[in-house]
Amino acid sequence: MNGDIRLWFSKTGPLRFTSHLDFMRYFGRVLKLSKLPVWYTQGFNQRIYFAFGQPLSLGMSGRREFCDLSLTQDVPKEDILRALRSYNAQGFEVYDVTVPQMKLGEVSFGEYEALYLPEDATPQELFQKVREILSQPEFLIQKKTKARGGVKTLDLMPYLATIEFAQREDGVFAHMILPCGSSRENVSPKLVFEAIRDFSGYSIFQQIERIGFYNAEKESFL
């Protein structure tokens, strides 16, 4: 493989508590240690060029994350994987290398699986609260904006209505596809969690994993 490539990796376990900035530093060191012929930016302060998809929030794991970079020489796919796996930290694994078929800016939706574990209620009680939320015509929340100190009112109901909720023995499971990317309104799983927590009044622990990306037509991002 030569030229632009896309690395697919998982970020789980202890690494989910690593900030995006620290993870970028770690990833850059992995690329240097791998001795792969990666392309460096030009100029006085040269650095390895690589670009991630949407950053993961602290505490969230990712099963199908990706990173774009370029190679200056032809390297077999198996050799790329072998070189990177030699420096895997616990919770980080590069499992595939492909040629990008879609541009980074085409990412429009993220797919997530979440498990809400109530600490002071039963799963049945929490699930009932979720059903009460979904029965309402609207659910207004205050969402922070990029402007300093900025907030705006957002009706979360159109997004909540698309989520598949299910009661489980230990909590409430949710499968969701939410908008993300620079071209649309971003709705994070954190907003969904906070809405359920605040409406229910329960103390809830959440486990959340991002499992994929889609473009604007909701085609799997490749």
Side-chain angles (χ1 to χ4, degrees), residues 1-12 15-16 18-21 23-24 27-28 31 38-39 41 48-71 77 80-81 84 91-115 134 139 141 143-146 152 154-166 173-195 206-222:
M1 305 184 75
N2 195 357
D4 294 340
I5 63 171
R6 180 161 287 161
L7 304 178
W8 297 92
F9 66 91
S10 58
K11 181 187 177 189
T12 59
L15 275 185
R16 71 184 189 275
T18 303
S19 71
H20 182 63
L21 184 59
F23 183 72
M24 287 181 65
F27 194 83
L31 290 176
V38 294
W39 183 79
T41 59
I48 298 174
Y49 166 79
F50 59 90
F52 287 101
Q54 297 293 310
L56 277 170
S57 299
L58 197 66
M60 186 188 303
S61 59
R63 190 188 309 171
R64 187 170 169 76
E65 302 299 298
F66 68 92
C67 177
D68 290 353
L69 63 141
S70 294
L71 299 180
K77 175 178 177 178
I80 297 174
L81 292 173
L84 294 172
F92 173 70
E93 180 186 4
V94 178
Y95 59 83
D96 199 9
V97 186
T98 62
V99 175
Q101 298 183 33
M102 299 179 183
K103 296 180 180 179
L104 182 62
E106 293 185 61
V107 171
S108 298
F109 294 92
E111 183 178 13
Y112 310 87
E113 290 181 347
L115 183 60
L134 297 177
F139 195 93
I141 63 169
K143 182 178 182 290
K144 293 182 179 180
T145 65
K146 291 184 178 180
K152 69 175 182 179
L154 173 70
D155 183 8
L156 198 60
M157 186 54 64
Y159 307 102
L160 292 173
T162 67
I163 299 175
E164 300 174 8
F165 291 99
F173 173 81
H175 174 265
M176 59 192 91
I177 298 177
L178 300 173
C180 66
S182 58
S183 61
R184 59 180 59 241
E185 176 81 59
N186 289 340
V187 178
S188 73
K190 180 181 178 182
L191 288 177
V192 176
F193 167 72
E194 291 175 346
Q206 71 164 342
Q207 298 173 349
I208 186 164
E209 183 173 51
R210 186 161 61 195
I211 61 175
F213 293 98
Y214 296 89
N215 66 7
E217 287 71 40
K218 289 193 176 180
E219 299 168 331
S220 185
F221 185 79
L222 301 172

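All heavy atoms count here, side chains included; hydrogens, waters and symmetry mates do not. Along the sequence shown, residues carry numbers from 1.
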message: One pair to check against side-chain contact (heavy atoms from CB on, under 4.5 Å): L69 and W39. What are the steps and the verdict?
response: CA-CA 7 Å; L69 63 141; W39 183 79; over 6 Å; no

Looking only at non-hydrogen atoms, find the nearest pair between [X] and [Y] and report the distance.
X	Y	answer
M176	V192	SD-CG2, 4.3 Å
I48	G28	CD1-O, 4.0 Å
Q54	C180	CG-SG, 3.9 Å
A216	S108	N-OG, 3.3 Å
I211	R64	O-CB, 3.5 Å

Just distance, no hydrogens or angles: give the donor-acceptor pairs under 3.5 Å from side chains in residues 3-10, sequence neighbours left out.
residue, atom, partner, partner atom, Å
D4, OD1, S70, OG, 2.5
R6, NE, D68, OD1, 2.6
R6, NH1, M102, O, 3.1
R6, NH1, L222, O, 2.7
R6, NH2, D68, OD2, 2.8
R6, NH2, M102, O, 2.9
W8, NE1, T98, OG1, 2.9

Distance (rounded to the nearest 0.5 Å) between [X] [atom1] and [Y] [atom2]:
X	Y	atom1	atom2	value
S61	E113	OG	CD	9.5 Å
C67	E65	SG	CD	10.5 Å
L191	K143	CG	NZ	6.5 Å
Y159	L178	OH	CG	9.0 Å
L156	E194	CG	CD	10.0 Å
Y112	I208	OH	CD1	7.0 Å

Criterion side-chain contact (heavy atoms from CB on, under 4.5 Å) on V38 and Y49, from CA distance to verdict: CA-CA 8 Å; V38 294; Y49 166 79; over 6 Å; no

Which residues share a side-chain hydrogen bond (donor to acceptor under 3.5 Å, both in side chains) with [X], sequence neighbours left out:
X	result
Q206	none
E219	N215
S19	D22
Y214	E111

- prompt: Below 4.5 Å, heavy atoms only, C-beta onward: do F109 and E217 meet side chain to side chain?
  reply: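 Not touching, per the 4.5 Å side-chain cut-off.
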
- line: Contacts of K77 meeting side-chain contact (heavy atoms from CB on, under 4.5 Å) (sequence neighbours excluded), chain-then-number -> M1, L81, D96, V97

field: Those residues that, when tested against A161, pass side-chain contact (heavy atoms from CB on, under 4.5 Å) (two or more places apart)
entry: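 By the side-chain contact (heavy atoms from CB on, under 4.5 Å) rule, A161 matches no residue at all.
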
- prompt: With a 6.0 Å cut-off on ring centres, are F221 and F66 close enough?
  reply: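 F221 vs F66: aromatic centres under 6.0 Å.
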
field: Counterpart residues, ring-ring contact (aromatic ring centres under 6.0 Å, His included), relative to F50 (two or more places apart)
entry: F27, F52

[X]: salt bridge (Lys or Arg N to Asp or Glu O under 4.0 Å) partners, not counting sequence neighbours:
X	value
K152	E185
D155	none
E209	R63

Whether K11 side chain and T18 backbone form a donor-acceptor pair below 3.5 Å: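 Answer holds: yes.
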
message: I need the full list of salt bridge (charged side-chain N to carboxylate O under 4.0 Å, His left out) pairs touching residues 51-62, with sequence neighbours left out, sorted by first then second residue.
response: none

query: When you look at I80 and L71, which way does the side-chain contact (heavy atoms from CB on, under 4.5 Å) test go after all the steps?
result: CA-CA 10 Å; I80 297 174; L71 299 180; 3.7 Å; yes

